[in-house]
Amino acid sequence: MLCSFSTEEYACASPIGLTAQHLVTLLKCKLNSNVTSSKETWKLFITKVSGILDEALDLFSNMMASSDNPSTAHVLDVIGEIRIDSFSTADLRSIPFVNQWFQIKLKPFLPSVSKEFLSCLSTKNFSCETYQAVLKTLNHHYSEMDSHRQMLVYSEFVDIFLSQKDTADPGCISSTHGSADWLERNFGNFAAFASFTDLQRLNKDFSATDAYGHFTTNQLAEVASIPGHLKNGEDVKGLMDHVNASSLDLFFDMVSPAVQEHESMFPVSVRSEMLQQVFDRGGLAEPSVSDADVQVWLTKRLRPLLANLSEAHVAPYFSIVKERHCITSQEAVEQLDYVHSTLHSDTQTEIYNHILASLKGPDPLRCYESGSYYSFLTSSFLNFQFPDLSTFLSLMPPSQKSELINSIPPPDLSELFRRPKVVDNNEELCTIFDNYGNTSNFLETQEDVPEDVRGEILPCVWPSALSSDTQEEADLWFEKRLKLYLSFLTKDLISSTETHSAKCLPFSKFVSSLGGSYNYDKADFTREDVYNTIKTYLSTGTKTKCYNATDPQLSSKAWFVNYIGDFIIYITLDDLNSFGTAAQLQPFSTNHANLQLFNHSSVPANVSNFFVELIFLEDSNFNPLLLPIHFRCRAPGSAFSQLNGDESMVILHNLTQLCTDLDPEVSAALAGNFETIKSDTIATLGNESVGLTTGQITAAKPSVILLSLSTLSVVTGWNQGQSITIVQSLLKTSFQIINVGHLEQLGSLVAGVPSELISSIDSTGILQTAGNPSFITNIMAAPQIIQQTYVNKIIAVDSQPAMLLENVPDAMATEIPRTLLEFPSNSHERINKKKWKYDQAVLLFETVANGFSEDPDQISSTVLQGFTCTRVQTFKPVRVRKLIRACRRKGPNKVVLRETQLTCMYNLIKDFDTSGFQLYPPDLLLYYNYDVVKTQCRTYFTEIGAANFDIISEALKDKKAILLDNAKTCLGITGTAISSENVEVLGNMCCTLDGSYIENSNPLILEKLKNCKDLSTGQIKSVEKLLFTGTTVYGSTATWDAQTLNSLGILPLYMTTDFWGHFNKAEKIKFLKSFMRTLRKNKTEKRKLKKLFKECNKFFRSKRAAESNCTTGIITQVEISSEAFPFGYPDTQFRICLTATTVKDNLAALAEKVDDDAFQEIILEKLNEAYPAGIPDEQVQVLGSVSRAASIDDISKWNITKIDTLAALMVADDGEWEPDKSEAIITKYLSTAGNSLGTAELNSIGGTNLCSLEASVLKGITPNSLKNANALTISNCSIEKKRELFSVAERAFSNRNTVSLDVYQLIESYLGGAPERYIKTLAASNVSMDMSTFTSLDPDVVNALSVNDVKLLLGSNLPDLKTFENQTIVQDWIKRQLQSELNGLGLNITGGRADPTPTGIGVINTTATGAVTTPIATTTGHGGPSTKSAHGLHLLLLAVVLTALHILQ
């Protein structure tokens, strides 16, 4: 139990009752675990247990503490701070005391000693004796320390302590007996890290000679390298007696450079004795010493010692190379030649004698043969200039040229080519090889031909190399003959021109030779050039080239290794397909050598993926354990289903360590291989635990789930069903979610916690998590109801505006109720950092805009989205323009604005300079007066090309056609053919074009259509027609594959069966795996996903009318985990292959993947089968869009007792509800005791679904519930329901005669139910209502408004009345107004009533009868004269008279 609590928990708890033995137990488990705690935590904890620390350290002294765990060092540091720092001078100078601490108490920790501890230790007031005692203890642990800590002991403790000058015995020298004793007692094994300079600094009397026996080879070499230290041969002997013969190479690697640099300071006698030591002890003449090693000795180590070489040393020197290759012997002579000017003539004579002797020795003339033409010339010319090649050949009689050339043995020919500038004519060089019958032998044996000559020889012999007929001959050419020549290949020689006729076997050797370690530094071609040659070679002729199963020499299935080799890193998928079809390449895929070849990190992912596909096409049962480790990451999930539990454990270790973004099918397959889920199973699965079904989780013992919580809580990718199931399992154990600590322990599982449990946790505790980024990330992945509940708990701590800004996490500010957003004016910077919704932003905008009045570009995009005429009407025009310009942003920071915001913006800038339109958001330009920008029209339309044309409402749909007509005129477009340049200008306007433009325009238009939010059926038909022509960058339909689909971007989402028919099932599934993942991540509309499935899956429809067997494949968690699921299943097969148990165990995963209505109905059928007594809340919560396929009868079987369930069912992204079904769901929820339409319910249900309820139910909503709810969109409510909701809203937000701007924007969404009195109150409140709100008002109320009422009501938005004049509600109102009053608006609005023009005035009869004489107006129609009453006009006049009389009274 002690070890089950973290160090942090102990540090924060009271240590009451904790004994020394307890502390030992804690140290033992914590310091030997993989869990690390900070030094500060350990210090807090150890300080609290200080009273039992000494006893505990004694008990712990014989135990082990892992040096791999940083906590061990932390504990030692803390002990240093709270104990050693408090030692008195007497303590520090007491050997028993120091030994008690360092040899016993600190023993387990010393191998983990830290820099900080050592640095601190070096400052302590030790005596030399106690310092040496400490060092002795550290020296005892030397072998247990890593090299870094060993170095630290020297640098941070030994060196610093001994460097102190203010001690009684600086350097601790006085009590030692000579340098060796001083070194042993004060340094121990750590002396190896001291330089000789350090030792002299620390002990000015230090004698290197006395300490030779304690020195390392490096230290001895350092001493020997000091100019002037060694004065004669005896000094050299004395030092080198301590250098092991086996270390001579290391010794001279350091000494020789020093001799070379300071040659004059190393006497000849010193250098001579050093040489003698090498000759006597180096054994360089032994056969066991390689030529390569000897050459290192000659060129690096001996060379600085050869100056003034004595005659006596010549013989032993040549004995080293006597039996060596010619090149090594030559190297020995060359080294002597370097010091030629320093050699005595006798020495030079002795050297000559040895060269001569080597030619007369047991193997005379071993580097050439006697009687050769070259030998003759050499003996003739001696030290005279040797003739160049042209002269050399010219000396040969033509009739004997071939004979004489062939008389030259390869070594002689090699020596000839080594002569300076001997080759003066490349053609003459090829003449030699054209006649030379021993070319092969020459190339195979002669390794010392000068490099420049090799490069000129290679073109002469290259064609012969490429024409080898047998494997043996090809091997000889490339492994022996050309071994030293291939580095001189040129771009011309490796080109396809030179290699196109090469035979297969030498071409394979060519490939292998230029791979691997071939040095391209000096080549005039690159590895990619070589690959291009390979690609050309393999893609021409019969496919697959150089493979013939019946030819033993060409039947190897290691084809990729043989003919592509290391150049595989340049291969593309197109290249691979050019070498052969998938069927032709398949046989090579399971070859082990090929597998290893493709297992290269630089091979493109799509190539590797394709290769893995080939493997499983060749052998669907290929065991994934036989794959290279990285390939296992790409194997299909089905491949892993064949493994047992033990094999799955093995392969999981590889996959979890190496694979990123592992295919969910693999996770599901591996998880499904475990019959029983245990804690070690989950630990091994790690993040792949997401492959577990809810059935597996439920079947596991709750205790197992609890034991595995530390693993499960950090897993990413849980679906909601898994999270809920795990949490429910935990709640069956002792783990109860009653405090914030429990919530934090859940980690990524927090999404599965019921909101009611979060509500029950103390608010103050909840607030503590707001500063935990990891917890916030997890909570934000939870359902919205969880997020809202969490934020409400934070608000409950302190709802003061300033504290809300401080407490609520920035990313979760969207959940703060609108009524709490009355922030102080000086809080603009804090507000600006948070994320807001539109309905919040409109309330915050003015505060933030005022705060950043000088630099509106600093305002965040989520605040700028709240721009309204309501809030800026008091701002100065120049400031308004700056704010509008600040809204010009692109990409993820684009400011999302609504149409009425954009028209408002235009109204505010149109009276100023509008020629600077490039400074404003492109969306705003959609509403510009085109006449203003005609002179810059091309630039204008280029800017508009970045606009979102979908923002144009149905009411203004004609604007799209007007914009297009103006663009065509501007750009000179006639007809429907648009050039690529003009397509580029039009940009997003292409989204408005009909099919005729798409079909006739430059294919670039397809790229622009990828940016469209949606495409019509007609547009898609034309897109397909254009693609089918084969004239686009996507090529002929015959060449289409999965890559084509990827290249088409979003367009496949809209395509029809005609398009999908050009792809086979494998290509579609491959593409859909990535495409569907992206679509779901982007929350693509369900209607689009349903259409995609319908069109793409038509080819998989069952051909048989009635089926009873599953032939497509039983649907398991593996199939469901595929991102492409359920594509490929006909509807009948989906029903047959899907069991009720699978639905029950994988409901959340199914709901995420299945969008088709028919398939969703099948899921519901199976779900009802699995739960005959009714479906529990937890399952209903994960139905997602499947719920929309339910019938009323299905809904009646659902348990909807929790707010979490109601909220899950009402998620708008899952699709719209039919009113009767949403009513049934909400009513079922409300039927549970204690449930009501509170704030959480209103937020979850939303305005649209709320409108499905009866008005009597809506009437029961309390003002407080509505007040704290989000702004509800109730446009689809009946007028009766709107009035009920407005009544509640009015009580919630205001009951005053005037309306503030805050109250107006809070109540704005409910104004559709507002009565005339309230709207007229708004007209007097200067609210600048936008047209979207105006047109949502009750038509009866609108018709009751006067022209002046509307003018006051719309305020800054009044010009929009003209813009939206064609809307029905506006037209109806216009018809009821006098035209003269409409004219007074200055908007050129027509259609109002004509002003009365009286033709006579009736007589007001004041008699008792009250009769009024009404004049009769006569008109003439098509049918002749007729009469019409002037009753209406008369009533109007009567009203005027009565009003006048009233005034006169």
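Quantities reported herein were computed from a predicted structural model and do not represent experimental measurements.
- The closest donor-acceptor contact from the side chain of S1300 to the backbone of V1303 lies under 3.5 Å.
- With hydrogens and angles ignored, the 3.5 Å screen pairs a side-chain donor or acceptor of N1235 with a backbone N or O of T1201.
- Without hydrogens or angle criteria, Q901 side chain to T868 main chain gives no donor-acceptor distance under 3.5 Å.
- Here the side chain of N948 pairs a donor or acceptor atom with the backbone of D950 at under 3.5 angstrom.
- Put simply, CG on L749 and CD1 on I726 are 4.5 Å apart, with the number rounded to the nearest 0.5 Å.
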request  = Under the side chain to side chain donor-acceptor pair (under 3.5 Å) rule, what do S1191 and D1194 come out as? Steps first, then yes or no, please.
outcome  = CA-CA 5 Å; S1191 64; D1194 289 328; 3.2 Å; yes
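- D1214 places no side-chain N or O within donor-acceptor distance of the main-chain N or O of M1210, the cut-off being under 3.5 Å.
- A donor-acceptor pair under 3.5 Å is absent between the side-chain atoms of W836 and the main chain of Q865, judged by distance alone.
- The shortest non-hydrogen separation linking D1360 to T903 is OD2-OG1, 2.6 Å.
- To the nearest 0.5 angstrom, E1241 atom CD is 7.5 Å from L1230 atom CG.
- A side-chain donor-acceptor contact under 3.5 Å links K1221 to the backbone of A1190.
- Interatomic distance, CD of E1284 versus NZ of K1259, reported as 5.5 Å (0.5 Å rounding).
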message = Apply side chain to side chain contact (heavy atoms under 4.5 Å, CB included) to residues N719 and V1182 and explain how you reach the verdict.
response = CA-CA 9 Å; N719 64 43; V1182 298; over 6 Å; no
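- For the pair K1083 and D1213, the salt-bridge criterion is met [side-chain N within less than 4.0 Å of a carboxylate O].
- K1228 NZ to I1195 CD1: the interatomic distance, rounded to the nearest 0.5 Å, is 9.5 Å.
- The shortest distance between side-chain heavy atoms of F875 and L908 does not fall below 4.5 Å.
- Checked for salt-bridge contact, R830 and D810 meet the test: a charged N lies under 4.0 Å from a carboxylate O.
- With rounding to the nearest 0.5 Å, the separation of CG in N1348 from CG in L1353 is 11.0 Å.
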query = Checking salt bridge (Lys or Arg N to Asp or Glu O under 4.0 Å) for the pair E1308/R818: CA distance, chi angles, key distance, verdict?
reply = CA-CA 12 Å; E1308 189 173 11; R818 297 180 301 150; over 6 Å; no
key: From CA spacing to verdict: side chain to side chain donor-acceptor pair (under 3.5 Å), N1199, D1177   = CA-CA 5 Å; N1199 279 292; D1177 275 271; 5.3 Å; no
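- Closest approach of L897 to M905, counting heavy atoms only: CD1-CE, 3.5 Å.
- Two residues are said to be in side-chain contact when any heavy atoms from C-beta on lie closer than 4.5 Å; V797 and I766 fail this criterion.
- Not one N or O on the side chain of S713 forms a donor-acceptor pair closer than 3.5 Å with the backbone of L746.
- Using a 4.5 Å heavy-atom cutoff, the side chains of F1293 and D1302 are not in contact.
- Side-chain contact between L1209 and L1206 is absent, with no heavy atoms from C-beta onward closer than 4.5 Å.
- Between G752 and Q720, the shortest heavy-atom contact is CA-NE2, 4.2 Å.
- Other residues, nucleotides and ligands place no more than 12 heavy atoms under 6.0 Å from the NZ atom of K1267.
- Put simply, the side chain of I1192 does not reach to within 4.5 Å of the side chain of S1196, judged on heavy atoms.
- Between E1216 and K1086, no side-chain nitrogen of the basic residue sits less than 4.0 Å from a carboxylate oxygen of the acidic one, so the salt-bridge criterion is not met.
- Taking every heavy atom of both residues into account, W1217 and S1222 meet most closely at CB-CB, 3.7 Å.
- In this structure, A841 and V863 approach most closely via the heavy-atom pair CB-O, 3.9 Å.
- Under a 3.5 Å cut-off, the side chain of Q787 and the backbone N or O of A782 do form a donor-acceptor pair.
- Electrostatic pairing of R1317 and E1290 counts as a salt bridge here, judged by a charged N lying under 4.0 Å from a carboxylate O.
- Taking the side chain as every heavy atom from C-beta outward, V727 and F735 never approach each other to under 4.5 Å.
- Under the 6.0 Å cut-off for aromatic ring centres, Y1310 and Y1318 do not qualify, their centroids lying 6.0 Å or more apart.
- The backbone N or O of E1178 lies less than 3.5 Å from no partner atom in the side chain of Q728, so there is not a single donor-acceptor pair.
- Taken to the nearest 0.5 Å, the CG atom of L1147 stands 7.5 Å off from the OG1 atom of T694.
- A 4.5 Å side-chain heavy-atom check between I786 and I758 finds at least one atom pair inside the cut-off.
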Test salt bridge (Lys or Arg N to Asp or Glu O under 4.0 Å) applied to R898 and D1330, step by step = CA-CA 11 Å; R898 304 181 178 192; D1330 63 46; over 6 Å; no
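- The shortest distance between side-chain heavy atoms of F845 and L864 falls below 4.5 Å.
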